[in-house]
There are 2 protein chains.
Amino acid sequence: MSGRAATKDLVLDAAEALFSAKGVDGVSLRTLTKEAGVNLAAVHYHFGSKEEVVKAVFARRIRPMNRERLAMLDALEDRGRPEVEEIVTALVAPALRLAGDSPARQRFMRLCARLYSEPAEYLQQLYMEEFSQVIDRFERVFRSALPSLSRAEVRRRMHFVVGLLVHTMLNSAPVRRWTSGACDPADAESTLAAIVSFAAAGMRAPVPDTPDCVRGGVT
Amino acid sequence: MSGRAATKDLVLDAAEALFSAKGVDGVSLRTLTKEAGVNLAAVHYHFGSKEEVVKAVFARRIRPMNRERLAMLDALEDRGRPEVEEIVTALVAPALRLAGDSPARQRFMRLCARLYSEPAEYLQQLYMEEFSQVIDRFERVFRSALPSLSRAEVRRRMHFVVGLLVHTMLNSAPVRRWTSGACDPADAESTLAAIVSFAAAGMRAPVPDTPDCVRGGVT
DNA sequence: GTCTATAAGTAGATAGAC
DNA sequence: GTCTATCTACTTATAGAC
């Protein structure tokens, strides 16, 4: 409540920057506290453990992002039955441009993607908890826009969309190299348009000849 | 040259299993050597450092996989101008089913994906070295199948395809949960068909209205 | 080539003064 | 709430016997 930034936030800010760049296992609490300008013991006082720091970093950004996703979906459904492109946009845009300024956005994007790829069991669990209602909601809306797809196939394709989103956010340096700088993921609007076009076409693709995903009882 | 497996291979096998499950930073050399049943010092004798172990694990699988990709592309081009679906298959199939039996395949898939997502700088570099000729080759073939796309746009979309592939290979557990078990990435053929259908449609998608990727000189 | 023993450094977490 | 000092455990890496 004082004028200067709270220790807790200093830790979270530094953690976000460092975790997104080097991964959770690649950053020690000592590196973290040095970067944040706070004392090592203060981290344990405020968070209790490194694992709790990771969870807090995660929750601070992912929850608003998912609220934004659901809000965009609400707005779309108020105006009628949404197009596939619009649904994909609601899924992708909040991840690409939630943060305001550019360096913060890039940090945040990499953080999301990195946390999604982290091997630690507690993170995988946390992710599923945070995402399950988002997944359920998008599945229903996608299914009403794509009635010919089974429930399982819709979910599989949604997973593809999340995959290319995460991969784009995480590996911005390779994208720039691959495209000789012409496609920069830091350019959110261009990236968004490209992802939406690609992903919407993929969602609408014909079901392959060996539709294993239809055989189960999950249709 | 003795009857039993060489120490070097024991280390590489254990490293592949452990790295793919917990990430490079999540596995110590002690855990590794214990799992492999070899002595800690033997690792330094044979490899010199942990970093060299990682590189060796990587090279053992990625090089044959990329050779397979280029061979499939050769075979396709011998028979005429390949379809988008065929090119995508050449890019994706070697990753999904190079290894023979199922547990080994899953381990290998996760290894590839994990290494691709690893933050360490030397791994990013190594990946680019191994992949640059594959990328160049696929770009040319894709462009001849999709002449309306700019070079940069082709590369961006190829990156999307690799992204959903990596994500699928890495997060097989979430896919099973998302789809209530109906879509199992361990079922390589079903997964392959789904990816090819989705990715080919994405590659063929119309170029979005704001084609930032066309403005540069990289067309 | 393989081992034991150990160096030299870093990890997360705590106790207790202020 | 924040600090110093420290504990315990684990990390990579190496020296040197066999």
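Since this is a predicted model, take the numbers as computed values, not measurements.
Note on A/T7: a side-chain N or O is less than 4.0 Å away from OP1 or OP2 of D/dT2. For the pair B/S28 and D/dC10, the criterion of a side-chain N or O lying under 4.0 Å from OP1 or OP2 is not met. Between A/N39 and D/dG1 there is no side-chain polar atom (N or O) within less than 4.0 angstrom of OP1 or OP2.
Between atom CZ of residue A/R140 and atom CZ of residue A/R137 there is a gap of 6.5 Å, rounded to the nearest 0.5 Å. The CG atom of A/D136 lies 13.0 Å from the CZ atom of A/F131; values are rounded to the nearest 0.5 Å. One distance of note links CZ of A/R157 with CG of B/L164; it measures 11.5 Å at 0.5 Å rounding.
For A/Q133, the CD atom is loosely surrounded, since the number of other residues' heavy atoms within 6.0 Å does not exceed 12.
Rounded to an integer number of Å, the gap from A/L29 CG to D/dT2 C1' is 16 Å. Distance A/K34 NZ to C/dG12 P: 15 Å, rounded to the nearest Å. What separates CG of A/L10 from C1' of D/dT2 is a distance of 13 Å, to the nearest Å.
Taking the nucleotide of DNA chain D with the nearest heavy atom to each of A/G37 and A/R30, the more 5' of the two is matched to A/G37.
Taking a pair as Watson-Crick or G-U wobble with both distances under 3.5 Å, DNA chain D forms stems of 3 or more consecutive pairs at C:1-10 with D:9-18, C:12-18 with D:1-7.
Of the residues in residues 40-54 of chain B, those with a non-hydrogen atom less than 4.0 angstrom from any atom of DNA chain D are B/L40, B/A41, B/H44, B/S49, B/K50.
A centroid separation of less than 6.0 Å is found between the aromatic rings of B/H167 and A/H159.
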Handout entry: Test log, rule salt bridge (charged side-chain N to carboxylate O under 4.0 Å, His left out), inputs B/D13 and B/R60
Key = CA-CA 10 Å; B/D13 290 342; B/R60 183 170 70 152; 3.0 Å; yes
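Remark: side-chain polar atoms of A/E85 are not paired, donor with acceptor, to backbone N or O of A/S197 under 3.5 angstrom. Formation of a donor-acceptor pair under 3.5 Å by the A/Q125 side chain with backbone atoms of A/A120 is not found in this model.
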